[in-house]
Amino acid sequence: VGLYKMKNLYVNGCSFTAGHVLKEEESWPYLLAKKLNLNLIKHARNGQSFDSIFLNTISHLSELDPKDTLVVIGTTWSTRFSVLYDDLTINLTPGDYERENKKNFKEKLGGKDRIASPYSIEKITYKGIADKYYENGKIDLPTEEKIKFDEVLTQANRYYNTLFKYDDNFNNNQHINLISKIVALQCFLEHKNFKFRFVDFENVLQPLKEGLRKWEEFSIHKLIEDKNFVYLEKEHFWEGHPNSEECIKISEVIYDSINR
């Protein structure tokens with residue numbers, strides 16, 4: 001990848017990319033940007049689905065120049081979903097929709113590590129969210145907007161709970177959905193002439209190893225261009241979320257891929 005004209009590093013993904021519980025300067029996107037001497041624009045969020053990553057990345061990149069922006073996208077788990085509500089992208093995980101009667105989604109508004117939006121590349125402040133959804137910013141005093149927010153997410157959560165319970169082909173279907181979004185984002189990045197890498201935290205390959213249909217039956221995988229993928233195997237790179245030392249290792253592997 002030619003980097004001599006690059007100014008920005010745009011990064012999106014889930015908590016494995018955001019740097020869950022780490023200081024910003026310990027996260028691998030920060031370390032990678034420092035190695036590359038680029039300005040970091042990071043929109044990775046805890047619990048983010050690839051639907052959300054896909055939408056927000058394309059929207060954000062419309063404000064950036066392909067000539068001076070390098071893009072790195074972390075993959076996430078196929079069984080996460082997004083709901084567009086107001087000007088936010090809200091993400092639902094198995095931890096949500098496996099709880100059939102969940103009705104309060106206050107954690108989805110819980111600070112900068114959760115809030116995602118396709119409408120602006122500028123980060124939405126938590127204060128702006130708190131003022132809208134809570135009286136005087138107090139979480140025990142929900143506004144009418146928060147009540148509506150919870151009702152929408154309750155219904156969405158119920159839908160995904162029902163799908164999870166009754167669709168015997170659930171994992172295969174969601175895996176194909178994940179791959180289709182990756183392929184579509186790959187095509188967008190190529191079409192707009194962005195230099196890019198995907199970083200796979202065993203979300204693309206691992207499900208196949210764990211008993212989903214054989215690789216040949218997922219012909220859509222053939223559309224993934226391995227030259228733009230960095231595949232990280234769990235046993236070599238992390239236990240749980242990557243810690244600070246593991247982030248150093250991850251940043252070095254991605255750096256080497258970009259400079260090969």
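These values consider heavy atoms only, across backbone and side chains, with no hydrogens, waters or symmetry-generated copies. Since the model is a prediction, treat every value here as computed from it, not as a measurement.
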Is there a donor-acceptor contact under 3.5 Å from the side chain of [X] to the main chain of [Y]?
X	Y	value
Arg197	Ser257	yes
Lys42	Ala18	yes
Arg45	Ile115	yes
Thr162	Arg158	yes
Glu98	Phe164	no
Thr75	Phe201	yes
His60	Ser117	yes
Ser82	Asp51	no
Asp86	Leu88	no
Asn157	Leu153	no

Should [X] and [Y] be counted in the same cluster of Ile, Leu, Val, Met, Phe, Trp and Tyr side chains packed under 4.5 Å apart?
X	Y	value
Val152	Ile129	yes
Tyr231	Leu185	yes
Leu40	Val72	yes
Leu163	Val83	yes
Val183	Val71	yes

Residue among Asp65, Ile58, Leu64 satisfying side-chain contact (heavy atoms from CB on, under 4.5 Å) with Leu61: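 One option only clears the test, and that one is Leu64.
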Lys181 NZ/CZ over Phe50 ring centroid, <6.0 Å and within 45° of normal: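 Lys181 over Phe50 ring: no.
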Aromatic ring pairing [X]/[Y], orientation class (parallel under 30°, perpendicular over 60°, tilted between):
X	Y	answer
Phe81	Tyr160	parallel
His43	Tyr10	parallel
Tyr97	Phe170	perpendicular

Over 12 foreign heavy atoms within 6.0 Å of NZ, Lys132: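 Enclosed.
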Working for side chain to side chain contact (heavy atoms under 4.5 Å, CB included), residues Thr93 and Arg80: CA-CA 5 Å; Thr93 71; Arg80 292 177 172 181; 3.9 Å; yes
Gln186 and Glu190 side chains, donor-acceptor separation under 3.5 Å: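 Short answer, no.
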Polar side chain donor-acceptor pair, Asn12 to Asn56, under 3.5 angstrom: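 On atom types as modelled, these side chains do not qualify, holding no pair under 3.5 Å.
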Lys103 bridged to Asp150 by N-O distance under 4.0 Å: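 No salt bridge links Lys103 with Asp150.
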Salt-bridge present (Lys148, Glu145; N to O < 4.0 Å):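 A salt bridge is present here (some side-chain N lies under 4.0 Å from a carboxylate O).
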Fellow cluster residues of Leu55, listed by chain then number, with links counted only when side-chain atoms sit under 4.5 Å apart: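 Grouped by the 4.5 Å side-chain rule, Leu84 form the rest of the cluster around Leu55.
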Min side-chain heavy-atom separation Tyr133-Lys106 under 4.5 Å: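 No, side chains not in contact.
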Nearest heavy atoms of Met6 and Thr69, plus distance in Å: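 The answer is SD-N, 3.4 Å.
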